Amino acid sequence: MGLRYSDPYVQVILVGFICFCCPGMFNAVNGMGGAGQADPKTADDANTALSVTFTLCSLIGAPVYNIFGARVIIPAALTYVLYIGSYLTPNSGFTIATGALLGIGAGFLWTAQAGIMMSYPTEAEKGKFFATFWMIFNLGATMGAAISLGREWSSGSAQAVSQSTYIGFMVIMAIGAFLAIALLPPGKVIRADGTPVSLHRFSNWKREALEVLLLFKDWKMLVLIPLFAGSNWFYTYQFSAYNGGGYFNLRTRAFNNLFYWMFQIFGAGLFGFFLDWKVLGARKRRAFIGNTVTLVFMSALWIGCIFVQQKYTRESVVALKADPTLQMDVLSPGYAGLVIEYALFGAGDAIYQGFIYWLLGTMTNDTERAARYGGFYKTIQNAANAIAGQVDAIRTPYMTELAIAFAINGVGLLLAYAVCFTVPDVTEEVVDNLQGVEGETKLVGGALENEAAYTQPTDHEDVEKGDY
């Protein structure tokens, strides 16, 4: 049976390509080490502004998505174009302002992405949808890493990124932003059984504010805070200490970077489908297995990394930076194990975040609630990432940074077992604000429990409630 344009899987593939073009290309530019005409201080200030607004707007991203729908993705994605455009000017104030705007756009985009990716699939396909999205999205960073490697392999020094390259990335990002026009409203996205993925009316600010506040009373969300915090915390150690600390020379860092993002694709593909594998048993059993696999995998990575980190410190790499011929090169003896470790860090990121999205997906099939869960997750994730950056900024010893990241990952995954105990075979939840349904009703496995209670809305109601 062929895929329909209104098929949820096709819509998630579209979201994957939107993120490939926008945040994926943003990661590609970062992987190339470019900041255009902005000086390092301006780039740091812009990143700080981005982190602050990204954190705040992840929390309010769900209300924005639930009120305005997927159309919010277009202006959100265009902020990536604007930010890269700031690299073409030496105006520091403009670069910092666009960094703040990008944080707003990223918060809205990633919350909408989470709501779509977690609520559109059936309960048997949550892992498949994550795997598909994550693989497409990370093709962008992989492409950027390949370009960077090609530019720096023979030169031995960082090459300036040309303005035409930035313009090319801006064009790709703009295409991705306007690709969002092709996204159907949830009411027109139809599963194989003929039911729409959502029957919600557009929400309102008062209702959304209350629902967001209630997240902070949900014990599951509170228990998962360390798990969420750990999901980007390790980026600071991996990028700034392991790969960027000074132990590797420039082309080797570029080589490592390529394998990191490439293994994100492999990790997402394997683990996403693994979580949906019914041979492993019921969903609760798969939740425990997925949690355990993630815990064992991440623990093995961190333990292995301890042996690598014993090779250098912040102090010892000063001499290596002064004389790059002393740095580890791709052709140096003993390098193979180091790149394997870093590549598996990429796979570990995909596995760790894949488990989070899958676990959150077992809690709801409702588009509104999925967006709120995703927004809460991204809020904690970005706040923790900002703290991790400050830990590195005060020149914390690399081994200490490693220990902190290991501890947060370990505690988060151990606490997640408490939520695994609550995973049902079929999710039942009470929802409201549905078209054609008065008051509250129950969703069972994402479908209305009492189809007879549903009355088809009129065309006038469709227009009012967001059938754009």
Side-chain angles (χ1 to χ4, degrees), residues 26-36 38-41 43-44 47 87 138 140-162 165-166 234-266 301-302 304-349 388-389 391-393 395-402 405:
F26 176 78
N27 287 342
V29 172
N30 282 345
M32 293 166 63
D39 60 81
K41 183 180 185 305
D44 287 342
N47 284 330
Y87 285 2
N138 276 291
T142 302
M143 185 180 81
I147 293 171
S148 177
L149 179 62
R151 293 167 67 248
E152 296 169 359
W153 180 258
S154 299
S155 68
S157 61
Q159 302 296 301
V161 182
S162 68
T165 300
Y166 287 128
F234 47 61
Y235 281 174
T236 299
Y237 173 79
Q238 291 170 0
F239 298 162
S240 299
Y242 190 102
N243 197 41
Y247 189 66
F248 301 102
N249 65 21
L250 188 68
R251 74 171 187 175
T252 307
R253 293 200 300 271
F255 195 76
N256 293 345
N257 202 38
L258 173 63
F259 277 84
Y260 183 93
W261 296 112
M262 190 185 300
F263 271 68
Q264 288 260 2
I265 298 171
F266 299 151
L301 279 179
W302 287 121
C305 192
I306 291 173
F307 294 98
V308 177
Q309 191 56 68
Q310 289 175 339
K311 298 176 182 293
Y312 65 96
T313 64
R314 278 192 186 273
E315 293 70 31
S316 70
V317 295
V318 173
L320 301 182
K321 292 178 180 178
D323 183 3
T325 61
L326 299 176
Q327 292 177 311
M328 176 69 70
D329 183 70
V330 173
L331 302 179
S332 298
Y335 170 69
L338 305 182
V339 70
I340 290 172
E341 172 76 19
Y342 199 64
L344 291 176
F345 268 136
D349 180 28
V391 171
D392 183 67
R395 300 187 59 79
T396 302
Y398 288 151
M399 189 65 82
T400 303
E401 285 194 30
L402 186 160

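No experiment lies behind these values; they were computed from the predicted model shown. Each residue takes its place number in the sequence, starting with 1.
- Residues satisfying the ring pair (Phe, Tyr, Trp, His ring centres under 6.0 Å) criterion with Tyr260, sequence neighbours excluded, are Phe239, Tyr342.
- Rounding to the nearest 0.5 Å gives a distance of 3.5 Å between CE of Met328 and OH of Tyr247.
- Checked by atom type and distance alone, the side chain of Arg253 never pairs as donor or acceptor with a backbone atom of Gly244 at under 3.5 Å.
- Residues that satisfy the side chain to side chain contact (heavy atoms under 4.5 Å, CB included) test with Val339, not counting sequence neighbours, are Phe255, Asn256, Phe259, Tyr335.
- Once rounded to the nearest 0.5 Å, the distance linking OH of Tyr166 with OH of Tyr87 reads 6.5 Å.
- Contact of the Phe345 side chain with the Tyr235 side chain is not registered, since no non-hydrogen atoms from C-beta on lie closer than 4.5 Å.
- Of all the heavy atoms in Asn27 and Ala141, the pair that sits closest is CB-CB, 3.8 Å.
- For Ile306, the side chain to side chain contact (heavy atoms under 4.5 Å, CB included) partners at least two apart in sequence or on another chain are Gln310, Met399, Leu402.
- Residue pairs meeting the salt bridge (Lys or Arg N to Asp or Glu O under 4.0 Å) criterion with at least one member in residues 337-348: none, sequence neighbours excluded.
- The minimum heavy-atom distance linking Tyr312 with Ala241 is given by the pair OH-O, 3.0 Å.
- Checked against side-chain hydrogen bond (donor to acceptor under 3.5 Å, both in side chains), Thr252 has the following partners two or more places apart in sequence or in another chain: Asn249.
- A donor-acceptor pair under 3.5 Å is formed between the side chain of Tyr242 and the backbone N or O of Leu338.
- Taking Gln309 as the reference, Tyr237 meet the side-chain hydrogen bond (donor to acceptor under 3.5 Å, both in side chains) condition, with sequence neighbours excluded.
- Looking at every heavy atom in both residues, Ser240 comes nearest to Asp392 through CB-OD2, 3.9 Å.
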(request) Check the pair Thr142, Ile265 against side chain to side chain contact (heavy atoms under 4.5 Å, CB included), reporting the backbone distance first and the verdict last. (result) CA-CA 9 Å; Thr142 302; Ile265 298 171; 3.6 Å; yes

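- Residues Phe263 and Ala343 approach most closely at CB-O, 3.1 Å, considering heavy atoms.
- Taking the side-chain hydrogen bond (donor to acceptor under 3.5 Å, both in side chains) definition, one finds that Glu401 meets it with Arg314, sequence neighbours left out.
- Note that OG of Ser316 and OH of Tyr398 are 8.5 Å apart. Values are rounded to the nearest 0.5 Å.
- For the salt bridge (Lys or Arg N to Asp or Glu O under 4.0 Å) condition, the pairs that include at least one residue of residues 319-337, sequence neighbours left out, are Arg251-Asp329.
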